[in-house]
Trainee: 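I have a structure I would like to understand better, so I am pasting it below and will then ask my questions one at a time.
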Amino acid sequence: MSLVFYYTPMSTAVTVNWALSELEIPYEKVVIDLKARDQDKRGYRELDPNGRVPLVVHDGVPIFESAAIVIHLGETFGVERGLFPAPGLERAVALKWLVWTNVTFGAAVGRFLERSSAPPEKQDAEATERARGEVERLLGILEAELAKAPYLVAGSFSLVDVHLGAFVRWLSTMGFDLKRYPSVAAWQTRCVSRPGYVRAFES
Ligand SMILES: N[C@@H](CCC(=O)N[C@@H](CS)C(=O)NCC(=O)O)C(=O)O
């Protein structure tokens, strides 16, 4: 088995970095310097025509999009390790939250970032507040879910918590106060206390 992971710290690739650490499978890590535009180099574009991270190449097959990568890793390596549900309704719940992370939550965070980091002449305070409100509404949905169970799928930790957890952690760098969402904050603390997280980012 060969697995190559193209990674940039402080990017969407952190979710895959964390997932691989939880799975404890062997892989080769290649750091992509986005500032130096490594993603535009021909060899990289041949693997990922989007020119983005994360990317994994598994047995020669390139897979881009963080949610697709986490789903693939979960299905292939996670079930036997108790980190991803087997096919069935729990798998459906996992897919629901993984897709929600990118399509609904991540997109809303992206819209907020675009608004809040616009140059002064393009700032629109009302639109920025609307975008912030949408992220807060979605955090409210997550809060309600995590008030019912400690983790997102069948009450036990899985790669779904890794993926959504990594996106939610990103918010604390944007001025969102997670203490307003106590169940989300407690879930984050549980997730980042895991050896898998520590191995991925703090060792
Ligand atoms: N939807 C993609 C988003 C990936 C993405 O936007 N990655 C950014 C880093 S956070 C990137 O590689 N940017 C490089 C560029 O735009 O040139 C995913 O979830 O994997």
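Side-chain atoms are counted along with the backbone in the values below, which use heavy atoms only and exclude waters and symmetry mates. As the structure lists them, so they are numbered: ligands from 1, and atoms in each ligand from 1.
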Trainee: If you take the nearest heavy atom of each of Arg37, His163, Met10, Glu65, which one is closest to atom 1 (N) of ligand 1?
Mentor: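 Nearest option to atom 1 (N) of ligand 1, by heavy atoms: Glu65.
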Trainee: Would you say the side chain of Leu146 lies within less than 4.5 Å of the side chain of Tyr181, judging by non-hydrogen atoms?
Mentor: no
Trainee: Could you check atom 3 (C) of ligand 1 against the protein and tell me its nearest heavy-atom contact, residue, atom and distance included?
Mentor: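 Result: Thr12 OG1, 4.4 Å.
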Trainee: How far is atom 12 (O) of ligand 1 from the closest protein heavy atom, and which atom is that?
Mentor: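 In this structure, atom 12 (O) of ligand 1 has Val53 N, 2.8 Å as its nearest protein heavy atom.
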Trainee: Can you name the atoms of ligand 1, numbered from 1 with element, that are less than 4.0 Å from a heavy atom of Asn102?
Mentor: 19 (O)
Trainee: Looking only at protein heavy atoms, identify the closest one to atom 17 (O) of ligand 1 and say how far it is in Å.
Mentor: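 It is Gln39 NE2, 2.9 Å.
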Trainee: Fit a plane to each ring of Trp18 and Phe157, take the angle between them on a 0 to 90° scale, and name the class: parallel (under 30°), tilted (30 to 60°) or perpendicular (over 60°).
Mentor: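 Trp18 vs Phe157 ring planes: tilted.
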Trainee: I'd like to know whether Asp161 forms a side-chain contact (heavy atoms from CB on, under 4.5 Å) with Trp187, so could you lay out the CA-CA distance, the side-chain angles of the two residues, the decisive distance to 0.1 Å, and finally the verdict.
Mentor: CA-CA 9 Å; Asp161 301 288; Trp187 164 74; 2.9 Å; yes
Trainee: Please list, in number order, the atoms of ligand 1 under 4.0 Å from a heavy atom of Pro54.
Mentor: 20 (O)
Trainee: Aromatic contact between Tyr6 and Tyr44, with the criterion being ring centroids under 6.0 Å apart: yes or no?
Mentor: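 Yes.
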Trainee: For ligand 1, indicate whether the residue Asp40 contacts it via side chain, backbone, both or neither (heavy-atom separation under 4.0 Å).
Mentor: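 Neither; no heavy atom under 4.0 Å.
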Trainee: Compare all side-chain heavy atoms of Arg169 with those of Phe201 and state whether any distance is below 4.5 angstrom.
Mentor: no
Trainee: Angle class for the Tyr7/Phe5 ring planes (parallel below 30°, perpendicular above 60°, tilted otherwise)?
Mentor: tilted
Trainee: Can you tell which of Ile141, Leu95, Leu152 makes a side-chain contact (heavy atoms from CB on, under 4.5 Å) with Trp100?
Mentor: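 Among Ile141, Leu95, Leu152, the one meeting side-chain contact (heavy atoms from CB on, under 4.5 Å) with Trp100 is Ile141.
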Trainee: What protein heavy atom sits nearest atom 19 (O) of ligand 1, and how far off is it?
Mentor: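 It is Ser66 OG, 2.7 Å.
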Trainee: Students should be able to answer this: which protein heavy-atom is nearest to atom 11 (C) of ligand 1, and at what distance?
Mentor: Arg52 CD, 3.4 Å
